[in-house]
Amino acid sequence: PVCAKLVPYGTLIHSECQTVLPFISGPTCLRCGKPVSSSAQEYCYDCRTFPKSFQKGLSLFLYNKETRPIMSAFKYHNNRRLADFFIWELFFQQYSQNYFHIYSKRYSHSHSRIYAAIESLGIDAVIPVPIHKNKYKKRGYNQAEVFGRALSKETGIALDDKCIIRKKSTVPQKKLSNEMRKINLQKAFGVDRKICSEYKTVLLVDDIYTTGSTFDACAKVLKVAGVEKVYCLSVAVG
């Protein structure tokens, strides 16, 4: 993922490359999971200024010069196998975020105990943030869905890629200000109410979290459709 060179059989990253990855640690925002300056700061600027509709967010990496090429390869260059690397890091890094831990239940008892924490949330489905059909035709896949399927396979939580519908194509969020991101996403998502009515608690997944506008827009339509709690997981946070 980092150096683009072959790794020994049975591994997904070189040990020396592992050391440069910017894992999130230290105090984080109680809402979105972004790093904050101190434990006395409960919420980040975005969450204070623009309250979120989801319960809790979590990300694995910071989005910076080390992870930008990895995320670009995953999102734009068909390197879907990176999803396995992301899941490995989520499950097996010594990584703590309050009660929201994700580890594999297939390995040690300590991992099973930590995995039980996510089970306690009672998540009914993993829901990837959808992309518009035009973008899907161009790219050939939805990176959030690839990540979600890998997560579903590891945890046994069902994946639902039909619940949320991308109704309109939008300008890439990275080109917009925080306020314009919200406007850009107005009426961008719809839901299948019949499917959503079956869920009380869901886990939204996406590749990159920046201001939370996309997660927030998805959480709003899910809650209107009857979902009570929405948690969010992204690979990287900007």
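Computed from heavy atoms alone, side chains included, the values below leave out hydrogens, waters and symmetry copies.
- Rounding to the nearest 0.5 angstrom, the gap separating the CD atom in Q143 from the CD1 atom in I131 is 6.0 Å.
- Atom OG1 of T19 is separated from atom CD of E66 by 10.0 Å, given to the nearest 0.5 angstrom.
- When all heavy atoms of K229 and Q55 are compared, the closest pair comes out as CA-OE1, 3.3 Å.
- Atom NZ in K56 sits 9.5 Å away from atom OH in Y231 (nearest 0.5 Å).
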> Yes or no on side-chain hydrogen bond (donor to acceptor under 3.5 Å, both in side chains) for T201 and D124, after CA distance, side-chain angles and deciding distance?
Replying inline: CA-CA 6 Å; T201 305; D124 300 312; 4.9 Å; no

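- When every heavy atom of I13 is checked against every heavy atom of C17, the shortest pair comes out as CG1-CB, 3.8 Å.
- A chain of hydrophobic side-chain contacts below 4.5 Å, direct or via other Ile, Leu, Val, Met, Phe, Trp or Tyr residues, connects L12 to V20.
- In terms of heavy-atom proximity, P1 sits nearest to I70 at O-CG1, 3.2 Å.
- Atoms OG and CG, on S234 and L204 in that order, are 11.0 Å from each other to the nearest 0.5 Å.
- You'll find the side chain of I157 stays beyond 4.5 Å of the side chain of L203, heavy atoms only.
- Cluster annotation: I24 and V36 are assigned to distinct hydrophobic clusters (Ile/Leu/Val/Met/Phe/Trp/Tyr, side-chain heavy-atom contacts under 4.5 Å, transitive).
- Side-chain N or O atoms of S152 include none that pairs as donor or acceptor with a backbone N or O of G148 at under 3.5 Å.
- Residues P22 and T67 have side chains in contact (heavy-atom distance under 4.5 Å, counting atoms from C-beta outward).
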>> side-chain contact (heavy atoms from CB on, under 4.5 Å), that's the test. Do L222 and Y199 meet it? Break it down for me.
In response: CA-CA 9 Å; L222 285 169; Y199 305 138; over 6 Å; no

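- A distance-only check finds a donor-acceptor pair linking the side chain of T155 to the backbone of L151 [under 3.5 Å].
- A heavy-atom distance below 4.5 Å is not found between the side chains of D192 and C163.
- In this structure, CG on N78 lies 11.0 Å from CZ on R139, to the nearest 0.5 angstrom.
- A single hydrophobic cluster is not seen to contain both Y136 and F147; linkage of ILVMFWY side chains at heavy-atom distances under 4.5 Å, directly or through other members, places them apart.
- The closest side-chain heavy-atom distance from L90 to L233 is below 4.5 Å.
- A salt bridge does not link K52 to D46: none of the charged side-chain nitrogens sits closer than 4.0 Å to a carboxylate oxygen.
- In this structure, H14 and K5 approach most closely via the heavy-atom pair CE1-O, 3.6 Å.
- The shortest heavy-atom contact between C44 and C29 is N-SG, 3.3 Å.
- One finds the CZ atom of F215 at 13.0 Å from the OG atom of S53 (value rounded to the nearest 0.5 Å).
- Cluster annotation: I208 and F23 are assigned to the same hydrophobic cluster (Ile/Leu/Val/Met/Phe/Trp/Tyr, side-chain heavy-atom contacts under 4.5 Å, transitive).
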>> Does I123 form a side-chain contact (heavy atoms from CB on, under 4.5 Å) with V202? I'd like the steps, not just the answer.
In response: CA-CA 5 Å; I123 291 172; V202 300; 5.5 Å; no

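- Side-chain atoms of R31 do not come within 3.5 Å of backbone N or O of C47 as any donor-acceptor pair.
- Annotation: side chain of P35 is in contact with side chain of L62 (closest heavy-atom distance under 4.5 Å).
- Using the six-membered ring where Trp is involved, F86 and F74 have ring planes that are perpendicular, over 60° apart on the 30 and 60° scheme.
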> Run the side-chain contact (heavy atoms from CB on, under 4.5 Å) check on C32 and Y209 step by step: do they pass?
Replying inline: CA-CA 9 Å; C32 72; Y209 180 108; 3.1 Å; yes

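- Side chain of K34 to backbone of T210: a donor-acceptor contact under 3.5 angstrom is found.
- Side-chain contact between R193 and V224 is present, with heavy atoms from C-beta onward closer than 4.5 Å.
- In the hydrophobic cluster analysis, where Ile, Leu, Val, Met, Phe, Trp and Tyr join through side-chain heavy atoms closer than 4.5 angstrom, F61 is grouped together with V146.
- Nearest heavy atom pair, residue A144 against residue V129, reads CB-O, 3.6 Å.
- Under the 4.5 Å side-chain criterion, counting only non-hydrogen atoms from C-beta, M71 is in contact with V235.
- Residues D160 and I195 form a side-chain contact, since some pair of their non-hydrogen atoms from C-beta on lies under 4.5 Å apart.
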>> For R166 and F189: C-alpha separation, side-chain torsions, deciding distance, then whether side-chain contact (heavy atoms from CB on, under 4.5 Å) applies.
In response: CA-CA 5 Å; R166 190 83 180 219; F189 299 101; 3.2 Å; yes

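- Atom CZ of R81 is surrounded by 12 or fewer heavy atoms from other residues, nucleotides or ligands within 6.0 Å.
- Taking 4.0 Å as the cut-off between side-chain N and carboxylate O, D207 and K75 count as a salt-bridged pair.
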